[in-house]
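Indexing begins at 1, ligand by ligand and atom by atom, following the structure's order. Starting from 1, each residue takes its place in the sequence as its number.
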Amino acid sequence: MTLRTVFGRRLPSLEAYRPAWILTLGSLLITTVLWSAARFRGVAPPDLWPWRACSQLSVLWSVTLMAVAMLAIVRAHALEPVFGGLDRAVRFHKVLGPSAILLLIAHVIFVALAAFQNGTAIGDVFIPFWSQSARSLDILAFYLLLLLGGLAYDHRMSYERWLAVHRLLGLVFLGGTVHAAIEPGTIADFEPLRTWMVILMLAGGAAWFYRVLLFNRLGPHYRYRLQTVVPRGSNTIDLVMRPVDRRMMYEPGTFVFLRVPGMEGQQKELHPFSLSSSPVDRDLRLSIRTVGDFTRRLAALTPRTDLEVYGPFGGFTPLHYAPFRRLVCIGAGIGITPFLGMLAFELSNHDFRRIWLYYVVRNDQEAVYDTEIRETYLAAESYIDYVLWPTAHRGKITAAQVASEIAPLEGYAVMLCGQVSFIADLAGQFRALGVPRDRIIIEEFAFRVTGRTGRSVP
Ligand SMILES: Cc1cc2nc3c(=O)[nH]c(=O)nc-3n(C[C@H](O)[C@H](O)[C@H](O)COP(=O)(O)OP(=O)(O)OC[C@H]3O[C@@H](n4cnc5c(N)ncnc54)[C@H](O)[C@@H]3O)c2cc1C
């Protein structure tokens, strides 16, 4: 593991995540300055250095990171510019959340070392109810957090259960922090630090409350009615839907969460799908690969079924590629969907760009959008070169092959969409060829880190 990687993931780059890093590092700085001020103000206890100081700083940094991590995934439009879209925010969260837990573990180790230094009972640090002075509730909350943190990496768990574990983890963290803050200690002793911690806890708490309890009801959502389900072959369907009242305005390349209120047993589930229609059309289209229970049931929906669409979200949009006049777009499998929406929009926006579109599929049968691309979108004013890449005959696509076709690659931005491992691999290759980080724009079709494929290059 290098300094630039945490938990097998590359750290979100400073260039691509500037406002998010400013928020995170700024918050950590405030925490550190206030803690230092608290130390200067009072008489520092003789045993402050090194372990007590480290234990205090690590827990304060942990709370700070967790508050920002919770804000990142709140799904509020107002926060999207800070994190560059919800998809990027999720990637940022995946680094901050585990870092906060690691800092908490470090905190407990430092507390134990401080106890060792002072000759007090180590049992008070690790064993609840060991003695009257053991902070039993904090210890129990810590073990629960460890358990939930471990479960979050259990890849056998269903997505919905994994989400529930995450929700509980946030709640236990908040509860533990509130409890630690009201106990006598550094936070309670210095008012400015206490106020700052309260602000962080309120921000984290409000984010949790909105995301878990209010989003389904208050999140930005629109009522749609299913027009048709179009089977495309190769386990892929198009859902075409029409607004019941207001129509959702969106940028091409964004994604929405779909909910089917009448789907028994799964009526509360929200699943993300990219929009494959153009924003100029009244109807929305989602192009979906039927991979599990929810998506398979979508294939059986009948026309006029009520649907709810939450969004739009995401940073895989023209806002990000507007400055770049030359684009390489690579969609793998169902990862072609956001490009379909973008190309449909190119037809009507009278813009002129140089686009190379690669549609990577296993074999010709899987290329279910090939005809649509050839027959419809290549007529756009933008100059589009389209390459269908069936890996069965052409082998794995590599950045070097793309670069040799396009030559020179200089001046191009690269947009990649598909499964996490595919994107991580190709983004790494383009980086190695010298494409700057801010010119690699990615959309991963998974929010959850999955097994061996959980690496990504943001
Ligand atoms: C930003 C984004 C855009 C996406 N766009 C598309 C698209 O245009 N077309 C398409 O076919 N698929 C898309 N996906 C993937 C799609 O969301 C999942 O395939 C779908 O939710 C699977 O649900 P399931 O119950 O049928 O399958 P399951 O068997 O339950 O899950 C299969 C995998 O899908 C993921 N998943 C399941 N439920 C959810 C959920 N509620 N939220 C997020 N991920 C979940 C999990 O990683 C799981 O391992 C996108 C995903 C993301 C994150």
Side-chain angles (χ1 to χ4, degrees), residues 73 75 80 83-91 93-94 152-167 211-212 215-216 219 229-240 250 252-260 263 265-277 284-301 308-317 331-342 361 366 368-369 415-423 441-454 456 458:
I73 48 155
R75 294 186 186 169
E80 283 227 304
F83 296 97
L86 182 60
D87 46 342
R88 282 173 177 235
V90 170
R91 290 198 284 277
H93 172 94
K94 283 181 196 166
Y153 283 89
D154 180 351
H155 304 294
R156 291 160 305 174
M157 199 182 284
S158 76
Y159 190 84
E160 290 302 314
R161 205 162 280 173
W162 175 82
L163 268 187
V165 164
H166 258 69
R167 288 171 189 150
R211 165 76 180 75
V212 174
F215 182 79
N216 272 24
V229 179
V230 184
R232 307 289 309 223
S234 199
N235 298 326
T236 306
I237 52 165
D238 283 346
L239 290 191
V240 181
Y250 61 94
T254 45
F255 69 91
V256 293
F257 289 94
L258 179 71
R259 188 165 89 87
V260 187
M263 191 182 270
Q266 289 181 288
Q267 57 272 57
K268 288 201 175 141
E269 289 186 18
L270 291 165
H271 288 250
F273 299 104
S274 297
L275 291 153
S276 64
S277 46
L284 279 189
R285 182 178 73 159
L286 301 178
S287 299
I288 297 173
R289 202 165 153 81
T290 52
V291 292
D293 357 329
F294 183 81
T295 44
R296 277 193 211 113
R297 287 179 77 181
L298 291 179
L301 293 180
E308 279 185 358
V309 170
Y310 292 70
F313 293 107
F316 200 68
T317 72
I334 198 63
I336 196 70
T337 47
F339 298 120
L340 298 178
M342 291 180 202
V361 286
E366 272 198 11
V368 292
Y369 293 101
M415 298 186 82
L416 304 170
C417 183
Q419 295 308 323
V420 179
S421 54
F422 168 82
I423 289 179
I441 306 155
I442 66 172
E443 177 87 308
E444 294 170 343
F445 268 10
F447 283 150
R448 176 181 179 178
V449 180
T450 47
R452 289 178 299 107
T453 62
S456 86

For this session: Could you tell me whether some N/O pair between Thr295 and ligand 1 is separated by less than 3.5 angstrom?
Result: yes

Exercise. If hydrogens are left out, which of Ser158, Gly314, Gly292, Gly331 has an atom nearest to atom 24 (P) of ligand 1, that is, the closest non-hydrogen atom?
Worked result: Gly292

Problem set entry | Whether over 12 other heavy atoms sit under 6.0 Å from Arg161 CZ | no

Problem set entry | Element-labelled atoms of ligand 1 that are located less than 4.0 Å from some non-hydrogen atom of Phe294 | 24 (P), 25 (O), 26 (O)

For this session: Check whether the ring centres of Phe257 and Phe313 lie less than 6.0 Å apart, and answer yes or no.
Result: yes

For this session: Heavy-atom contacts with Val291 under 4.0 Å: which atoms of ligand 1 show up? List them by number with element.
Result: 19 (O), 22 (C), 27 (O)

Problem set entry | Leu270 N/O to ligand 1 N/O under 3.5 Å | yes

Exercise. Which ligand 1 atoms does Arg289 reach within 4.0 Å, using its non-hydrogen atoms?
Worked result: 10 (C), 11 (O)

Exercise. Which ligand 1 atoms, with their elements, are less than 4.0 angstrom from a heavy-atom of Ile334?
Worked result: 9 (N), 10 (C), 11 (O)

Problem set entry | His166 vs His93, side chain to side chain contact (heavy atoms under 4.5 Å, CB included): CA-CA, chis, key distance, verdict | CA-CA 12 Å; His166 258 69; His93 172 94; 4.2 Å; yes

Exercise. Can any side-chain N or O of Arg285 pair as donor or acceptor with the backbone N or O of Ser276 at less than 3.5 Å?
Worked result: yes

For this session: Heavy-atom contacts with Thr337 under 4.0 Å: which atoms of ligand 1 show up? List them by number with element.
Result: 7 (C), 8 (O)

Seminar exercise, completed: In terms of heavy-atom contacts, Ser234 and Thr236 come closest through O-OG1, 3.0 Å

For this session: Pick whichever of His271, Met157, Glu269 has a heavy atom sitting closest to atom 21 (O) of ligand 1.
Result: His271

Exercise. Do any N or O atoms from the side chain of Gln267 and from the backbone of Gly265 form a donor-acceptor pair under 3.5 angstrom?
Worked result: yes

Problem set entry | Part of Ser287 within contact of ligand 1 (heavy atoms, under 4.0 Å) | backbone

Exercise. Between Phe445 and Arg289, is there a cation-pi geometry (under 6.0 Å to ring centre, at most 45° from the normal)?
Worked result: no

Problem set entry | ligand 1-proximal atoms of Phe445, by part, heavy-atom distance under 4.0 Å | both

Exercise. Has Arg297 got any heavy atom lying under 4.0 angstrom from an atom of ligand 1?
Worked result: no

Exercise. Applying a 4.0 Å heavy-atom criterion (strictly less than), which segment of Thr290 is in contact with ligand 1: side chain, backbone, both, or neither?
Worked result: neither

Seminar exercise, completed: Restricting to heavy atoms, the pick from Ser276, Pro272, Gly335 nearest atom 16 (C) of ligand 1 would be Pro272

For this session: Examine the proximity of ligand 1 to Ser274 and report which part, side chain or backbone, both or neither, has a heavy atom under 4.0 Å away.
Result: both

For this session: State, without any angle test, whether Asp293 and Tyr159 hold a side-chain donor-acceptor pair at a distance under 3.5 Å.
Result: no

Exercise. Can you name the nearest heavy-atom pair linking Phe447 to Asp87, along with the distance?
Worked result: CE2-CA, 4.4 Å

Exercise. Pick one: which of Leu239, Asp238, Ile237 meets side chain to side chain contact (heavy atoms under 4.5 Å, CB included) with Ser287?
Worked result: Asp238

For this session: Pull out every atom of ligand 1 sitting under 4.0 Å from any heavy atom of Asp293, numbered as shown with elements.
Result: 25 (O), 26 (O)

For this session: Apply side chain to side chain contact (heavy atoms under 4.5 Å, CB included) to Met263 and Leu298, showing your working.
Result: CA-CA 9 Å; Met263 191 182 270; Leu298 291 179; 4.0 Å; yes

Exercise. Using a heavy-atom cut-off of under 4.0 Å, does the side chain or the backbone of Phe273 touch ligand 1, or both, or neither?
Worked result: both

Exercise. Counting heavy atoms only, which part of Asp87 comes closer than 4.0 Å to ligand 1: side chain, backbone, both or neither?
Worked result: neither

